[in-house]
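A short worksheet on the structure shown next.
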Amino acid sequence: MKFGRWFRYCVMPRTPVAEILRSETPPGAVTVMGWVRTKRDSKAFSFLEINDGSCLSNLQVVVDAAIAGYDEAVVPARTGASLVIQGNIVESLGKGQRWELQASKVELLGGAPEDYPLQKKGHSMEFMRSIAHLRPRSNLFGAVFRVRSRMAYAIHRFFQERGFVYVHTPIITASDCEGAGEMFRVVTMDGEVVKTGDEEFFAKPTYLTVSGQLEGETFACALSNIYTFGPTFRAENSHTSRHASEFWMIEPEMAFCDLMADMDLAEAMIKYLVSDALETCIEDLGFFNQFIDKGLIERLEFVRDRSFERVTYTEAVELLKASGESFEYPVEYGLNLQSEHERYLTEKHFRCPTTVYNYPKEIKPFYMRKNEDGKTVAAMDLLVPGIGEIVGGSQREERLEVLLANLKDHGLEESGYGWYVDLRRYGTVPHAGFGLGFERLLMFVTGVANIRDVIPFPRTPGVADF
RNA sequence: UCCUCUGUAGCUCAGCGGUAGAGCGGGUGGCUGUUAACCACUAGGUCGUUGGUUCGAUCCCAACCGGAGGAGCCA
């Protein structure tokens with residue numbers, strides 16, 4: 001990765017720390033801009049650790065007390081202060097780093113008083129959430145959000161390389177993707193009065209989207225292979241480490257596609273993303289591996305290199321019954337698999353990502369395709385160790401009569417799904433797709449255990465700070 | 001929404017029915033090509049809120065508020 005092009009657009013020409021540290025030869029004269037992570041003073045000179053977010057590592061800066069700006073810039077520069085440093089990159093005399101910056105001039109952009117909340121020591125994740133505006137300046141969160149950015153890019157690459165068309169499905173919607181959870185209402189405000197009924201801005205009740213799937217299907221039934229990647233909103237009052245009220249979801253949808261190919265794509269995508277992270281984010285992953293999850297890199301390499309397991313729901317139930325494990329919740333055909341059951345499959349039985357498919361139709365939404373057995377639908381969940389469901393998908397019911405019957409069976413009015421039903425009325429095709437929770441993927445890739453710590457500004461029930 | 005745990009210094013925590021302590025961080029001084037540096041000194045807290053029990057509550061009880069973990073639901 002080169003920073004050269006970016007460099008030209010920068011108003012204040014500077015060299016990113018990542019570029020300096022990566023250099024094989026002495027980079028010579030540079031200007032570095034960044035934030036002080038720590039300072040160690042001596043009588044004749046100071047050591048500064050500078051971080052600019054371009055990579056995990058800091059650049060060690062040696063400042064002789066005799067240089068220009070020492071008293072004005074270096075003496076008052078505490079942890080958190082922002083600096084411009086000009087100087088020469090030389091081989092470090094000390095241990096622990098190859099290059100260091102011998103400063104010739106230092107300018108203080110912004111000081112940080114002694115109440116700067118980030119200390120040199122580690123902080124709890126809970127405390128970091130309370131200073132969400134400053135936490136990207138920490139090692140952990142800088143790494144998390146660099147990986148987040150890279151994974152977003154890799155997702156686009158994965159689909160674009162395969163000819164998928166990126167579709168922007170609406171954020172405000174009038175359709176409830178049935179079974180996808182509680183929705184936020186969209187209303188206009190007139191003072192304290194919430195307008196309803198005839199005064200609806202859109203002439204009907206509208207919501208923040210819980211899924212772009214239904215809209216995505218319409219584009220798949222025209223452009224063949226599409227994907228969405230955008231924010232999603234769920235108004236569920238859930239307090240867990242895996243749920244947020246606002247999160248990002250990736251939803252590919254493929255025409256002329258059945259459940260088997262759908263599962264192939266989901267597995268290939270997970271492998272691609274894990275492989276890309278190992279290739280491009282290894283420094284950040286190394287940090288997670290050391291401080292968050294000792295087995296992380298080994299697990300990611302395992303996921304990249306080994307094939308995933310695949311079992312039907314029926315087989316999974318039999319497996320669980322024969323396991324001899326004592327589960328808190330019963331294992332019975334027709335019941336949803338509980339978190340503890342999913343964990344057993346991925347963490348104890350198979351010890352790898354596992355796709356479970358062909359679920360009983362009673363526990364799945366109306367749009368999933370009914371199988372020949374009359375009992376199950378072509379649904380699939382991709383489960384990963386430590387997190388559980390990371391992908392949920394299905395082949396969609398493309399037969400008009402069957403879909404109409406499904407709507408009825410689920411107690412839904414056909415009138416509410418007119419345009420969706422039309423897809424089956426005009427040139428219907430077999431098609432399938434899935435949803436990937438972006439934050440759950442990030443939890444899996446980084447080892448970070450709480451969804452709130454992989455979203456820049458998390459929204460959960462009762463919390464919309466920052 | 002349900003269950004469990006939790007709230008004491010800026011942070012992480014200890015503590016006790018008689019109104020509080022450590023480590024780190026901060027400040028000051030010293031020292032050193034330092035590496036989450038080191039040494040000395042120092043400042044800093046109506047113990048989440050409101051009631052109750054008690055001669056007396058930070059400690060016991062209740063409610064509320066905040067935080068965390070789990071369940072359900074899902075991504």
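Each chain gets a letter, A, B and so on, in the order its sequence line appears, and its residues count up from 1.
Residue-level contact check: Glu439(A) touches neither bases nor backbone, having no heavy atom under 4.0 Å from any strand. Note on Ile451(A): a base of the nucleic acid sits closer than 4.0 angstrom, heavy atoms only. When heavy atoms are screened at a 4.0 angstrom cut-off, Thr38(A) is found touching the sugar-phosphate backbone but no base atom. At a threshold of 4.0 angstrom between heavy atoms, the contacts of Tyr329(A) are confined to the sugar-phosphate backbone, with no base atom among them. As judged by a 4.0 angstrom heavy-atom cut-off over every strand, Thr79(A) is placed among residues making no nucleic acid contact. Heavy atoms of Asn237(A) sit under 4.0 angstrom from at least one base atom. Nucleic acid contact for Arg37(A): none, since no nucleic acid atom lies under 4.0 Å from a heavy atom of the residue. In this structure, Arg98(A) reaches neither bases nor backbone, as no heavy-atom distance under 4.0 Å exists between it and the strands shown. Contacts of Val63(A) with the nucleic acid, taken as non-hydrogen atoms under 4.0 Å apart, are absent. At a threshold of 4.0 angstrom between heavy atoms, the contacts of Arg242(A) include nucleobase atoms, whether or not backbone atoms are also involved. Using a 4.0 Å heavy-atom cutoff across all strands shown, Ser241(A) reaches sugar-phosphate atoms only and no base atom. Counting non-hydrogen atoms under 4.0 angstrom, Glu340(A) reaches nothing in the nucleic acid. Residue Glu114(A) is in sugar-phosphate contact alone, with no base atom involved, counting any heavy-atom pair closer than 4.0 Å across all strands shown. Looking at heavy-atom distances under 4.0 Å, Gly94(A) makes contact with a base.
For rU32(B), the OP1/OP2 oxygens have no side-chain nitrogen or oxygen of Ser42(A) closer than 4.0 Å. Ser238(A) has no side-chain polar atom (N or O) that falls below the 4.0 Å cut-off from OP1 or OP2 of rC74(B). Considering only side-chain N and O atoms, Arg452(A) lies nowhere under 4.0 angstrom from the phosphate OP1 or OP2 of rG67(B). Residue Arg40(A) places at least one side-chain N or O closer than 4.0 Å to OP1 or OP2 of rA37(B).
When both pairing distances are held under 3.5 Å, rG27(B) makes a Watson-Crick or G-U pair with rC41(B). Across all strands shown, rG7(B) pairs with rC65(B); the Watson-Crick or G-U wobble distances both stay below 3.5 Å. Using Watson-Crick or G-U wobble geometry with both donor-acceptor distances under 3.5 Å, rA71(B) finds its partner in rU1(B).
A distance of about 16 Å separates the C1' atoms of rU6(B) and rU49(B), rounded to the whole Å. Rounded to whole Å, the C1' atom of rA20(B) lies 8 Å from the corresponding atom of rU58(B). When the C1' atom is used for both rU28(B) and rG44(B), the distance is 15 Å, rounded to whole Å. Using atom C1' as the reference point in both rG17(B) and rU4(B), the two lie 27 Å apart (nearest Å).
At a threshold of 4.0 Å, the pair Asp258(A)-Arg369(A) does not count as salt-bridged, since none of the basic side-chain nitrogens sits closer than that to a carboxylate oxygen. Between Arg242(A) and Glu439(A) no salt bridge is recorded (no basic side-chain N to carboxylate O distance below 4.0 Å). A salt bridge is absent between Arg310(A) and Glu315(A): the closest approach of a Lys/Arg side-chain nitrogen to an acidic carboxylate oxygen does not fall below 4.0 angstrom. Of the charged side-chain nitrogens involved, none lies within less than 4.0 Å of a carboxylate oxygen, so that Asp262(A) and Arg396(A) do not count as a salt-bridged pair. Between Asp293(A) and Arg299(A), at least one side-chain nitrogen of the basic residue sits less than 4.0 Å from a carboxylate oxygen of the acidic one, meeting the salt-bridge criterion. Of the charged side-chain nitrogens involved, at least one lies within less than 4.0 Å of a carboxylate oxygen, so that Lys321(A) and Glu332(A) count as a salt-bridged pair.
Atom CZ of Phe247(A) is separated from atom P of rC73(B) by 16 Å (rounded to the nearest Å). In this structure, the CD atom of Glu328(A) is 18 Å from the P atom of rC2(B), given to the nearest Å.
Counting distance only, with no hydrogens placed and no angle test, the side-chain atoms of Gln60(A) and the base atoms of rU34(B) include a donor-acceptor pair under 3.5 Å. Between the base of rC74(B) and the side chain of His243(A) there is a donor-acceptor pair shorter than 3.5 Å.
Ile50(A) pairs in a side-chain contact (heavy atoms from CB on, under 4.5 Å) with only one of the listed residues (Thr38(A), Asn58(A), Val32(A)), which is Val32(A).
For Asn336(A), counting side-chain heavy atoms from C-beta on, the closest listed nucleotide (rG10(B), rA71(B), rC73(B)) is rC73(B). Taking only side-chain atoms of Arg129(A), from C-beta outward, the nucleotide of rA68(B), rC74(B), rU34(B) with the closest atom is rA68(B). Picking from rC24(B), rU35(B), rA68(B) the nucleotide with the shortest atom distance to the side chain of Gln119(A) gives rC24(B). Picking from rC74(B), rU35(B), rA68(B) the nucleotide with the shortest atom distance to the side chain of Glu389(A) gives rC74(B).
Mapping Gly392(A) and Lys95(A) onto RNA chain B by nearest heavy atom places Lys95(A) closer to the 5' end of the strand.
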